Chemist: 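What follows is a single structure, and I will ask about it in a moment.
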Amino acid sequence: MFTMIRAIKGIKDILPDQLPRWNVVEGAAHRLARCYGFREIRIPIFEITELYIRSIGGTTDIVEKEMYTFNDRDGTSLTLRPEGTAGVVRAIIEHGLANNPATRKLYYIGPMFRHERPQAGRFRQFNQFGVEFIGSTSPKADVEVISLLWRFFSTLALPSITLEINSLGQPPERQRYKAVLLTYLQGKIDRLCGNCQRRMEFNPLRVLDCKVMECRAVTESAPSLIDYLSTSAQHFKDVRAGLEDLGIPYSLNSRLVRGLDYYSMTTFEVTSSSLGAQNTIGAGGRYDGLFEVLGGKSTPAIGFAVGLERVISILPESAMPLPNPLVFIAGFGNRGLPASFRLLEALRSKGVTAETDHYGSSLKNLLRLADRLGASFTIILGDEECMQGQVLLRNMYTKEQETIPLNSAPDVLANRLKTPNSP
RNA sequence: GUGGGUGUAGCUCAAGGGUAGAGCGCCUGACUGUGGCUCAGGAGGCUGCGGGUUCGAGACCCGUCACUCACCCCA
């Protein structure tokens, strides 16, 4: 006996029972993104490692300890993509897409990889739906992107969701604020948790994000970044006004600090209290500096990414459409069995979802199977029916049966199922 | 990387150191050509794995692996 091989830790199969949910969510993503003028792009699953180091930032957790990195045969370091923006921006630069107004709004759907310890809502392979709107510094672009994000969640009727926004300012503003914040924190350093004391050295903004009660108390009265905005203050005001104008509910969260280095100015995050500790279902922000970092011409941009596993885990039943009505063919007997197989093919050629059982077992078993498969109708076709050129059409909900000619059965069914009767 | 919880039938879970069980699901029959309900019967287990304590371990101890939740971090 060989030992059983299991899927890799933190990497999940998506089984047939779950797939309709994925289709609904991905369908909404495609439909709404196109509706907002975004076009799909598909980029590679893996890239040169350097791409992610430069874009995400060398001191972030993602780059330091979460990437799936391996050497190609010639020794080149490659990495499975931990997020989508870096690859999209690389493709935009490589193909000059920023020069064409028709390719400045892009979206993608696909798997990302991070070597983290799995937990509720966190996986080593997970799927993201993301959009990137490049070439515009206008606050209207920010509003458009956030509006799409909000509409996506609203359309899916996700429960208890909250939108929070903040502005990180432009690099000089943030630099100035960091100094102010550090001075404030230095006086209270002994009250901070060990983690935050370390954060003060390499990323003081993250102290604001700490969940430890004592740290929160310390930062409660800390100076707020928003008060230190100068060049980007008006932009942020316009974004807020734009959201209010469209009736998109948000709250201001000056502690909202995104983890990736490339964010600047507007940042936002949508959470759901229906999830566990990993409650962010979508987040994003502006990243005006990224193109230059990746060797492109300076280009403003804003985007978001949505965690599809998390969305699907809280997707309400009400968002699910009724499944296709199924016709089950119960054929048996020396004549009925071959005739039923021809009928099966004829039904399918008319686009009717049809299924049968090839064992030719008893009618009782066939009907039970039809029931288990959730059939709306069962066609009974035994030797008697076959010789008379007829079939019995049984409505599985009402148990009504009627006799119809064998050769007109496909048309009758195709016609009747145009208006599916729900269970 | 750190900490907690849990590993027993396909699934959900019982079994105070003394014969491994239930519910659901599956198969068969009652009903030889009519599903769901009911009733009767049946199949299905190296109790995650390896050691130890004991007359005796699913249970207790040690190790290990897996799953899971949380920290960290993030979508």
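Remember, predicted model here, so these are calculated numbers, not experimental data. Below, read A as the first sequence line, B as the second, and so on, with proteins coming before strands; counting in each chain starts at 1.
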Chemist: Determine the Euclidean distance between corresponding P atoms of B/U19 and B/C13; express it in Å to zero decimal places.
Modeler: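 Each nucleotide's P atom is 25 Å from the other's.
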Chemist: Quantified in whole Å, what is the P atom distance between nucleotide B/A40 and nucleotide B/C31?
Modeler: 16 Å
Chemist: Can A/Tyr250 and A/Arg240 be counted as having a side-chain donor-acceptor contact under 3.5 angstrom?
Modeler: yes
Chemist: What N/O pairs connect the protein and nucleotides 8-12 of chain B at under 3.5 Å? Give each pair on its own line.
Modeler:
none

Chemist: Could you list the donor-acceptor pairs under 3.5 angstrom formed between side-chain atoms of residues 277-289 of chain A and any protein atom two or more places apart in sequence or on another chain?
Modeler:
{"unit_1": "A/Arg286", "atom_1": "NE", "unit_2": "A/Asp142", "atom_2": "OD1", "d": "3.2"}
{"unit_1": "A/Arg286", "atom_1": "NE", "unit_2": "A/Asp142", "atom_2": "OD2", "d": "3.2"}
{"unit_1": "A/Arg286", "atom_1": "NH1", "unit_2": "A/Ser136", "atom_2": "O", "d": "3.1"}
{"unit_1": "A/Arg286", "atom_1": "NH1", "unit_2": "A/Asp288", "atom_2": "OD1", "d": "3.0"}
{"unit_1": "A/Arg286", "atom_1": "NH2", "unit_2": "A/Ser136", "atom_2": "O", "d": "3.2"}
{"unit_1": "A/Arg286", "atom_1": "NH2", "unit_2": "A/Ser138", "atom_2": "O", "d": "3.4"}
{"unit_1": "A/Arg286", "atom_1": "NH2", "unit_2": "A/Asp142", "atom_2": "OD1", "d": "2.6"}
{"unit_1": "A/Tyr287", "atom_1": "OH", "unit_2": "A/Glu132", "atom_2": "OE1", "d": "2.5"}
{"unit_1": "A/Asp288", "atom_1": "OD1", "unit_2": "A/Ala301", "atom_2": "N", "d": "3.1"}

Chemist: Of all of residues 367-374 of chain A, which get a heavy atom below 4.0 angstrom from RNA chain B, listed by number?
Modeler: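 Going residue by residue through residues 367-374 of chain A, the ones with a heavy atom under 4.0 Å of RNA chain B turn out to be A/Leu367, A/Arg368, A/Asp371, A/Arg372.
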Chemist: Suppose we screen for salt bridge (charged side-chain N to carboxylate O under 4.0 Å, His left out). Which residues come up paired with A/Glu47, at least two apart in sequence or across chains?
Modeler: A/Arg90
Chemist: In whole Å, I'd like the distance from the CG atom of A/Asp383 to the P atom of B/G33.
Modeler: 11 Å
Chemist: List in chain and number order the residues that pass side-chain contact (heavy atoms from CB on, under 4.5 Å) with A/Arg372, two or more places apart in sequence or in another chain; answer none if no residue qualifies.
Modeler: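 Applying side-chain contact (heavy atoms from CB on, under 4.5 Å) to A/Arg372 gives A/Arg368.
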Chemist: What integer number of Å spans the P atoms of B/U53 and B/C11?
Modeler: 34 Å
Chemist: Only Watson-Crick and G-U wobble pairs with both distances less than 3.5 Å should count. Give RNA chain B in dot-bracket notation, marking inter-strand partners with |.
Modeler: (((((((..((((....[..)))).(((((.......))))).....(((((..]....))))))))))))....
Chemist: Can you find a heavy atom in the side chain of A/Leu326 that is under 4.5 Å from one in the side chain of A/Glu355?
Modeler: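 Of all side-chain heavy-atom pairs linking A/Glu355 with A/Leu326, at least one is under 4.5 Å.
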Chemist: Ignoring hydrogens and geometry beyond distance, is a side-chain donor-acceptor pair present between A/Ser274 and A/Ser160 at under 3.5 Å?
Modeler: yes
Chemist: Summarise how protein sits on nucleotides 68-75 of chain B as a single string, 5' to 3': B when a protein heavy atom is under 4.0 Å from the base, S for sugar-phosphate-only contact, - for no contact.
Modeler: SSBBBBBB
Chemist: Rounded to whole angstrom, note down the P distance from B/C74 over to B/G17.
Modeler: 48 Å
Chemist: Sticking with atom P, work out how far B/A57 lies from B/U47, rounded to a whole angstrom.
Modeler: 13 Å
Chemist: What integer distance in Å separates A/Ile380:CD1 from B/G35:P?
Modeler: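 About 10 Å, once rounded to whole Å.
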Chemist: Which atoms form the tightest heavy-atom contact between A/Ile43 and A/Gly84, and what is the distance?
Modeler: CD1-O, 3.7 Å
Chemist: Consider only side-chain N and O atoms of A/Tyr52 and A/Glu83, and report whether a donor and an acceptor are under 3.5 Å apart.
Modeler: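 No, because no side-chain N or O of A/Tyr52 sits under 3.5 Å from a partner of the opposite role on A/Glu83.
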Chemist: Just by distance, with hydrogens left out, do A/Gln401 and A/Asn395 show a side-chain donor and acceptor under 3.5 Å apart?
Modeler: no
Chemist: With P as the reference atom in both, quote the distance from B/U12 to B/G25 in angstrom, rounded to an integer.
Modeler: 15 Å
Chemist: Assess whether atom CG of A/Leu19 is packed by more than 12 heavy atoms of other residues, nucleotides or ligands within 6.0 Å.
Modeler: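 Above 12, so yes.
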Chemist: Could you tell me how far apart A/Phe328 (CZ) and B/G35 (P) are, to the nearest whole angstrom?
Modeler: 14 Å
Chemist: Kindly indicate whether the side chain of A/Val131, heavy atoms from C-beta on, has any atom under 4.5 Å from the side chain of A/Ile302.
Modeler: no
Chemist: Do you see a donor-acceptor pair shorter than 3.5 Å between the side chains of A/Tyr36 and A/Ser147?
Modeler: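 Indeed, the side chains of A/Tyr36 and A/Ser147 share at least one donor-acceptor pair under 3.5 Å.
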Chemist: Can you say whether the rings of A/Phe133 and A/Phe38 are parallel (under 30°), tilted (30 to 60°) or perpendicular (over 60°)?
Modeler: perpendicular
Chemist: Find the distance A/Asn334:CG to B/G33:C1' and express it as a whole number of Å.
Modeler: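 That distance rounds to 15 Å.
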Chemist: Rounded off to whole Å, could you give me the CG-to-P distance for the A/Asp13 and B/C67 pair?
Modeler: 12 Å
Chemist: Rounded to whole Å, how long is the line connecting atom CG of A/Asp357 with atom C1' of B/U34?
Modeler: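 So the two atoms are 15 Å apart, to the nearest Å.
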Chemist: Answer yes or no: are there more than 12 heavy-atom neighbours, outside A/Glu64 itself, under 6.0 Å from its atom CD?
Modeler: yes
Chemist: Of all residues at least two apart in sequence or in a different chain, which pass the salt bridge (charged side-chain N to carboxylate O under 4.0 Å, His left out) check with A/Arg206?
Modeler: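 Expected list: A/Asp209.
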Chemist: Donor-acceptor check, side chain of A/Glu385 to backbone of A/Gly382, threshold 3.5 angstrom: yes or no?
Modeler: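 A pair under 3.5 Å: yes.
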Chemist: How does protein contact run along nucleotides 39-48 of chain B, one letter per nucleotide 5' to 3', with B for base contact, S for sugar-phosphate only, - for none, heavy atoms under 4.0 Å?
Modeler: ----------
Chemist: Given the C1' atoms of B/C72 and B/G4, what is the spacing between them in whole Å?
Modeler: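 These two C1' atoms come out 15 Å apart once rounded.
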Chemist: Do the charged groups of A/Arg255 and A/Glu220 touch, with an N to O distance under 4.0 Å?
Modeler: yes
Chemist: For RNA chain B, find the residues of residues 31-45 of chain A with a heavy-atom distance under 4.0 Å and give them by number; none if there aren't any.
Modeler: none
Chemist: Please check the phosphate of B/G35 (OP1 and OP2 only) for any side-chain N or O of A/Lys364 closer than 4.0 Å.
Modeler: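 So the side chain of A/Lys364 is within the cut-off, an N or O lying under 4.0 Å from OP1 or OP2 of B/G35.
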Chemist: With sequence neighbours excluded, give me every salt bridge (Lys or Arg N to Asp or Glu O under 4.0 Å) pair touching residues 104-122 of chain A.
Modeler: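 Pairs touching residues 104-122 of chain A that pass the test: A/Lys105-A/Glu144, A/Glu116-A/Arg122.
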Chemist: Pick base, sugar-phosphate or nothing for A/Met112, based on heavy-atom distances below 4.0 Å to the nucleic acid.
Modeler: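 Here A/Met112 touches no strand at all.
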Chemist: Say you pick atom C1' in B/G29 and the same atom in B/G51; how far apart are they, in whole Å?
Modeler: 48 Å
Chemist: Starting from P on B/G35, measure out to NZ on A/Lys399 and report it in whole angstrom.
Modeler: 7 Å
Chemist: In chain order, what residues pass the side chain to side chain donor-acceptor pair (under 3.5 Å) check against A/Glu400, with sequence neighbours excluded?
Modeler: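 So A/Glu400 forms a side chain to side chain donor-acceptor pair (under 3.5 Å) with A/Thr398.
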Chemist: Is the CZ atom of A/Phe46 crowded by more than 12 outside heavy atoms at less than 6.0 Å?
Modeler: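 Not more than 12 within 6.0 Å, no.
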Chemist: Do the side chain of A/Glu385 and the base of B/G33 come within less than 3.5 angstrom through a donor-acceptor pair of N or O atoms?
Modeler: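 Such a pair exists between side chain and base.
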Chemist: How many whole angstroms separate atom CZ of A/Arg6 from atom C1' of B/G7?
Modeler: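 Distance, rounded to whole Å: 11 Å.
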